Amino acid sequence: MRLSEFVLPTLKETPAEAQIVSHQLMLRAGMIRQESVGIYSWLPLGLRVMKNVEAIIREEQNLAGAQEILMPTIQSADLWRESGRYDDYGKEMLRIEDRHGRDLLYGPTNEEMVTAILRDYIKSYRELPVNLYHIQWKFRDEVRPRFGVMRGREFLMKDAYSFDLDLEGAKKSYDNMFATYLRTFTRMGLKAVPVRADPGAIGGDMSHEFHILTGTGESAIFYDVIYDELTLDVDNPDVEALQSIYAVEEKLHDPVSCPVAGDRLKQARGIEVGHIFYFGTKYSKAMGLVVDGPEGERIIVEMGSYGIGVSRLPAAIIEASHDKNGIIWPDSVAPFAVGLVNLKVADKACVSQCEDIYNRLREAGIDVLYDDRDERPGAKFADMDLIGLPWQLVVGPRELAVDRLELKRRDGGAREELSLESVLAKLTG
RNA sequence: CGGGGUGUAGCGCAGCCUGGUAGCGCACCUGCUUUGGGAGCAGGGGGUCGGUGGUUCGAAUCCACUCACCCCGACCA
């Protein structure tokens with residue numbers, strides 16, 4: 001992609017309304033644009049990151065055996081009356097009336113709908129277990145949205161729902177998602193700490209939140225320092241052991257009964273990027289999701305739900321990975337792998353060299369953002385650092401003279417003088 | 001929902017108190033000189049001053065209402 005043709009409205013100054021660094025950088029890097037309180041448009045750069053985040057989540061869900069579906073954003077109120085949540089949910093639910101006076105709502109979550117789907121199609125114990133997920137926009141009419149996409153009203157969420165015959169099966173599904181979440185966040189360059197959580201309005205008695213530890217996190221958590229010391233084997237995690245380590249959200253922490261010695265207990269702030277629940281038969285019972293067992297008996301299906309805040313993750317990643325010059329994207333979610341910087345567009349030799357490099361990079365399958373704008377070097381470097389692409393490939397008269405290119409790593413700033421062949425090898429290797 | 005605040009060009013702001021031709025910096029356009037970490041000079045374009053109503057010869061400025069947005073609190077993924 002040529003930067004001269006790319007819609008990238010970067011800002012030199014920090015907009016006054018942004019309070020935390022991720023919000024400031026997302027606005028400055030031209031990733032998002034606020035349309036209303038807690039409601040955002042995603043601009044080309046921001047959407048590229050979110051699509052990459054989404055792709056990792058999708059791959060991991062599929063690997064875990066979950067099947068992707070897509071449920072609508074608009075739901076019928078009748079569905080929610082079946083579970084009793086239409087009245088319970090309160091003002092956080094955005095309620096809508098259509099032209100015929102029917103009550104609809106913009107879905108804040110999908111337990112009711114997915115339960116209704118399975119109720120129609122699953123009749124036998126032989127058809128379980130099943131795990132269905134979708135990645136869809138949600139709307140929760142928050143009392144006070146803030147921090148940009150971190151706490152928006154409209155947000156993209158991956159929500160999965162597991163269906164099992166019994167508690168043992170449900171626990172297995174739960175642990176499967178637990179492990180999958182650790183892998184998912186690790187692939188995004190994040191260290192997520194699973195903490196025991198209050199299941200809240202969803203109900204049930206087994207629940208973990210996954211937190212990214214940053215000073216600006218909205219939630220306070222307490223955990224055994226052992227979490228900072230252990231190396232996570234995400235391909236083969238010992239879920240049992242991890243769940244037994246003391247780590248809880250503030251609400252559940254009791255200094256008196258806490259089993260961790262004072263000098264081993266850490267208090268931190270975290271951004272909640274995932275939340276998993278086991279809630280048993282709460283919805284299946286209310287809505288009649290039952291299957292026939294081997295003896296012809298009626299079995300009420302055991303359920304769990306598993307959410308990841310997709311649109312929140314780009315912000316969480318920025319909170320965890322930035323410096324004073326801007327964002328530092330991990331390779332796995334970066335909007336482009338490399339930024340090609342033409343330092344002197346007035347120089348014909350420099351332009352033709354850059355065009356050639358641009359084509360070679362693309363032919364090699366490397367996602368490149370080519371800064372072909374007629375800007376001064378300082379402005380180009382500043383923009384590149386701000387948008388945080390993992391690699392910067394700098395081409396100017398100095399490089400041309402020695403037939404070498406300068407490759408700079410955004411994270412750490414290390415520079416190397418390399419031939420084009422070496423650059424290609426490095427970026428594809 | 002309570003409390004506090006702000007709406008003036010794409011962004012950041014001044015002007016309002018004390019009514020009299022709407023300004024500054026950045027960004028944008030043109031030209032020249034420049035070019036290795038956000039250039040200089042010259043010229044130029046862009047604003048129903050959030051909206052409605054009122055007071056007045058005259059309103060960005062005063063008054064009323066209203067909308068939007070920000071911050072703090074309770075709430076929440």
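Letters A, B, ... are given to chains in the order of the sequence lines, protein chains preceding strands, and every chain is numbered from 1. This one's a predicted model, so the numbers in the text were calculated from it and none came from an experiment. Atom set for the values below is all heavy atoms of this structure, side chains included, hydrogens, waters and symmetry mates excluded.
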Let me know, please, whether A:Gly378 or A:Glu218 comes out on the 5' side of the other along RNA chain B by nearest nucleotide. A:Gly378
In the strands shown, is B:A22 matched to any nucleotide by a Watson-Crick or G-U wobble pair with both distances under 3.5 Å, and which? none
A:Glu59/A:Arg187 salt bridge by N-O under 4.0 Å criterion: yes
Under 4.0 Å, counting only non-hydrogen atoms across every strand here, what does A:Arg28 touch: a base, just sugar-phosphate, or nothing? base
Quick one: A:Asp371 CG to B:G36 P, roughly how many Å, whole number? 15 Å
Complementary nucleotide for B:C75 - Watson-Crick or wobble, under 3.5 Å: none
Within this structure, what is the CZ-to-C1' distance between A:Phe277 and B:C76, rounded to whole angstrom? 11 Å
So which of residues 328-354 of chain A are in contact with RNA chain B, with a heavy-atom cut-off of under 4.0 Å? A:Leu343, A:Ala346
Residue whose nearest RNA chain B nucleotide is more 5′ - A:Met150 or A:Gln392: A:Gln392
d(CD, A:Glu92; P, B:C75) in whole Å: 12 Å
Can you tell me, in whole Å, how much space there is between the C1' of B:C11 and that of B:G51? 23 Å
Under the side chain to side chain contact (heavy atoms under 4.5 Å, CB included) test, residues paired with A:Glu417 that sit two or more places apart: A:Glu399, A:Val402, A:Arg404, A:Glu406
Rounded to whole angstrom, note down the P distance from B:G20 over to B:C62. 11 Å
Can you tell which of B:G36, B:G38, B:G37 lies closest to the side chain of A:Asp383? B:G38
Set of residues satisfying side chain to side chain contact (heavy atoms under 4.5 Å, CB included) with respect to A:Leu265, sequence neighbours excluded: A:Phe222, A:Tyr246, A:His253, A:Cys258, A:Val260
Within residues 170-195 of chain A, find the residues that approach RNA chain B with a heavy atom at under 4.0 Å, and present them sorted by residue number. none
Listed in order of residue number, which residues of residues 397-417 of chain A have a non-hydrogen atom at under 4.0 Å from RNA chain B? A:Pro397, A:Arg398, A:Glu399, A:Glu406, A:Lys408, A:Arg415
Run the salt-bridge test on A:Arg196 and A:Glu249 with the 4.0 Å N-O cut-off and return the result as yes or no. no
Listed once per pair and sorted, the ring-ring contact (aromatic ring centres under 6.0 Å, His included) pairs that draw on residues 56-80 of chain A, sequence neighbours left out: A:Trp80-A:Tyr89
Would you please confirm or rule out a distance under 4.0 Å between OP1 or OP2 of B:G38 and any side-chain N or O of A:Arg376? no
Pair listing, salt bridge (charged side-chain N to carboxylate O under 4.0 Å, His left out) test, anchored in residues 8-29 of chain A, at least two apart: none
Just to be sure I understand the rule, does A:Gly90 reach a base, reach only the sugar-phosphate, or reach nothing, if contact means heavy atoms closer than 4.0 Å? nothing
Check the orientation of A:Tyr358 and A:Tyr370. Use parallel for under 30°, tilted for 30 to 60°, and perpendicular for over 60°. tilted
So, A:Lys324 and A:Asp385, do they make that salt bridge, N to O below 4.0 Å? no
For A:Gln34 and B:C70, is the shortest distance between a side-chain N/O and OP1 or OP2 below 4.0 Å? yes
Need the pair for B:G36. Rule: Watson-Crick or G-U wobble, both distances under 3.5 Å, any strand; none if unpaired. none
Identify whether any heavy atom of A:Ser36 sits under 4.0 Å from a base atom; if not, whether one sits that close to sugar-phosphate; answer base, sugar-phosphate or nothing. sugar-phosphate
Any residue meeting salt bridge (charged side-chain N to carboxylate O under 4.0 Å, His left out) with A:Lys266, in chain and number order, not counting sequence neighbours: A:Asp228
With A:Asp88, which residues qualify under side chain to side chain contact (heavy atoms under 4.5 Å, CB included), at least two apart? none
I'd like to know if A:Asp356 and A:Arg360 make a salt bridge, using a cut-off of under 4.0 Å between side-chain N and carboxylate O. no
Pairing partner of B:G53 (Watson-Crick or G-U wobble, both distances under 3.5 Å): B:C63
Taking any heavy-atom pair under 4.0 Å as a contact, classify A:Gly307: base, sugar-phosphate, or nothing. nothing
Can you tell me the base-pairing partner of B:U6? Count Watson-Crick or G-U wobble geometry only, both distances below 3.5 Å, and say none if there is no partner. B:A68
C1' gap between B:G7 and B:C16, integer Å: 13 Å
C1' atom, B:G58 versus B:U21: distance in rounded Å? 12 Å
So, do A:Phe381 and B:G36 meet the stacking rule of ring centres under 5.5 Å and planes under 30°? no
Base, backbone or nothing for each nucleotide of nucleotides 6-13 of chain B, written B, S, -, heavy atoms under 4.0 angstrom, 5' to 3'? -----BSS
For A:Met157 and B:C76, give me the distance from atom CE to atom P, rounded to whole Å. 16 Å
So does A:Arg144 get a side-chain nitrogen or oxygen closer than 4.0 Å to the phosphate oxygens (OP1/OP2) of B:C72? yes
Counterpart base for B:C16, defined by Watson-Crick or G-U wobble contacts under 3.5 Å: none
Determine the Euclidean distance between corresponding P atoms of B:C26 and B:A39; express it in Å to zero decimal places. 11 Å
Candidates B:G38, B:A77, B:C69 - which lies nearest the side chain of A:Val37: B:C69
Using atom P in both nucleotides, what's the gap between B:C63 and B:G46 to the nearest angstrom? 33 Å
In whole Å, what separates the C1' atom of B:C57 from that of B:A14? 29 Å
A:Asp164 with A:Lys171: basic N within carboxylate O range, under 4.0 Å: no
Side-chain donor/acceptor of A:Asn325 to base of B:G37, under 3.5 Å: no
Give the nucleotide from the list B:C69, B:G36, B:C1 with an atom nearest to the side chain of A:Val143. B:C1
Using a strict threshold of under 4.0 Å (side-chain N to carboxylate O), is an ion pair present between A:Glu154 and A:Arg140? no
How far, in whole Å, is B:U48 from B:G2 if one measures between their C1' atoms? 35 Å
Salt bridge (Lys or Arg N to Asp or Glu O under 4.0 Å) evaluation trace for A:Arg373 with A:Asp371: CA-CA 6 Å; A:Arg373 296 174 304 168; A:Asp371 190 348; 3.0 Å; yes
Indicate, with a heavy-atom threshold strictly under 4.0 Å, whether A:Val394 touches base, sugar-phosphate, or nothing. base
Partners of A:Ser422 by side-chain hydrogen bond (donor to acceptor under 3.5 Å, both in side chains), sequence neighbours excluded? A:Ser419
Restricting to side chain to side chain contact (heavy atoms under 4.5 Å, CB included), what partner residues turn up for A:Arg153, sequence neighbours left out? A:Ser36, A:Val37, A:Ile39, A:Phe139, A:Asp141, A:Glu142, A:Pro145
Checking N1-N3 plus N6-O4 or O6-N4 for Watson-Crick, or N1-O2 and O6-N3 for wobble, each under 3.5 Å, the partner of B:C28 is B:G44
Check the pair A:Arg410 / A:Ile328 against side-chain contact (heavy atoms from CB on, under 4.5 Å), numbers first and verdict last. CA-CA 6 Å; A:Arg410 176 66 179 86; A:Ile328 303 173; 3.7 Å; yes
